[in-house]
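As structure tokens, the structure follows; a few thoughts come after it.
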Amino acid sequence: MDHAAGTRRDARVSLSLVVPVFNEAETVGLFVEKVAQVLGSDEQIDLQVIFVNDGSTDDTLERLMALQARDPRLLVIDLSRNFGKEAALTAGIDAACSDVVVPIDVDLQDPPELVLEMLAKWREGYEVVLARRINRDSDTWAKRVSASWFYRMHNRIASPKIPENAGDFRLMDRCVVEALKTMPESCRFMKGLFAWVGFRTAQVEYYRQPRVAGTSKFNGWKLWNFALEGFTSFSTDPLRVWTYIGMTVSLVSVLFAIFIGIKVLVAGVDVPGYASLMVAVSFLGGLQLMGIGVIGEYLGRTYVESKRRPVYFVRQVYEVKD
Ligand code: UDP
Ligand code: MG
């Protein structure tokens, strides 16, 4: 580690920012301006900004082209349609070939200044530097509550745990990026994948600002499905729980059988056949749930893994060759 830290300390570093954009015509210009100002003039940094146009329907792509004409450090990957932020991030990370890669939102909610702090940690020898937000003022009450509920649930049933209040904004060393690229799944819950690969991790903290312009692309329904994606990608507990529910139902039905038996012995038969019928129905019901739980365990894993579709398709890559 000392060796790694030593070699990194004064070296010039190549840095790729990976910026997924979906209908962000209002923000791309502001983002590029800010990044050029904060990171672009740093002697130590060889900057590249990889924009992934995630099927925007406004003139985001045209604006990016105009920005690229003025700044050759911009690389624009135009996806064939809207694949979602996770897929867009994957496309950008796949295309990056620099020493360190930083996924970052275009709306300046993730402050570019923080990248300098992250780089300092990286130079100390850390391979991942997480950015943790210390406020959630920019989120609605509902989003705050549901986010905290999500992290609690997720970290109870899934492993490894994902750090609370850390988004996709983080610095990753090349070795981490290479590890990520070998993860073949098509359900890409990036926060989970980032945590899964591990590596030596440090944290920096920041205040999350409100969006600089434009509107959020995530509504409640999208976030709910995103949470489900997280649960199902990193835990099979929701499947397995049915086995235990089945067991409980069976146990209860056995107790019920004993109860009815005693009742018949003490008070006599009231409705003939009712007791045996009830016991059989409820016992078999429990047994069937157990069976479905066990099959579901295997089916769930196989289903997700078997589709093998590519995560995204690229229409065109725009690059200024020198
Ligand atoms: N984004 C994307 N594809 C989508 C939705 C969002 O590439 O389908 C990008 C968006 O352009 C932005 C980032 O993901 O750069 C974060 O989106 P947003 O700011 O809307 O999310 P929030 O900060 O509200 O969670
Ligand atoms: Mg945002």
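From a predicted model like this one, the values you see are computed outputs, not experimental measurements. Numbering of ligands and ligand atoms starts at 1, following listing order.
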Is Arg81 positioned over the aromatic face of Phe83, cation under 6.0 angstrom from the ring centre and no more than 45 degrees off axis? yes
Could you find the nearest protein heavy atom to [atom] and give me its residue, atom name and distance?
atom                    : value
atom 13 (C) of ligand 1 : Asp105 OD1, 3.5 Å
atom 18 (P) of ligand 1 : Arg211 NH2, 3.5 Å
atom 14 (O) of ligand 1 : Lys85 CD, 3.3 Å
atom 21 (O) of ligand 1 : Phe218 CD1, 3.3 Å
atom 5 (C) of ligand 1  : Lys217 CB, 3.6 Å
atom 25 (O) of ligand 1 : Lys143 NZ, 3.2 Å
atom 12 (C) of ligand 1 : Glu24 OE2, 3.5 Å
atom 23 (O) of ligand 1 : Gln109 OE1, 2.7 Å

Check your understanding: Relative to each other, are the rings of Phe150 and His154 parallel, tilted or perpendicular (30° and 60° limits)?
Key -> tilted
Query raised in the report: Going through the distances and angles, do Lys181 and Asp94 end up as a salt bridge (Lys or Arg N to Asp or Glu O under 4.0 Å)?
Result: CA-CA 7 Å; Lys181 279 159 73 172; Asp94 286 348; 5.6 Å; no
Among Gly167, Pro20, Ser56, Gly55, closest by heavy atom to atom 15 (O) of ligand 1 is Pro20
Using a 4.0 Å heavy-atom cut-off, which part of [X] comes near ligand 1: side chain, backbone, both, or neither?
X      : answer
Val106 : both
Glu86  : neither
Asn82  : side chain

Distance col, row Leu17:CG vs Leu75:CG, nearest 0.5 angstrom, shows 12.0 Å
With heavy atoms of [X] as the reference, note each atom of ligand 1 found under 4.0 Å away.
X      : answer
Val21  : 7 (O), 11 (O)
Arg208 : 23 (O)
Asp54  : 2 (C), 3 (N), 4 (C), 7 (O), 8 (O)

Exercise for review: Assess Ser216: does it contribute an N, O or S atom lying under 2.8 Å from the Mg ion (ligand 2)?
Suggested key: no
Strictly under 2.8 Å, is any N, O or S atom of Asp105 next to the Mg ion (ligand 2)? no
For Asp107 and Thr27 the tightest heavy-atom approach is CA-CG2, 4.3 Å
So, the side chain of [X] versus the backbone of [Y]: is there a donor-acceptor pair under 3.5 Å, distance only?
X      : Y      : result
Asp99  : Val13  : no
Thr201 : Val128 : no
Gln68  : Tyr318 : yes
Asp54  : Gly84  : yes

Tested for side chain to side chain donor-acceptor pair (under 3.5 Å) against Asn23, the lone hit among Thr57, Thr60, Asn82 is Thr57
Review point. Are any of the side-chain nitrogens in Asp105 or Lys85 under 4.0 Å away from the carboxylate oxygens of its partner?
Key: yes
The atom of Asp107 among N, O or S that is nearest the Mg ion (ligand 2) is OD2
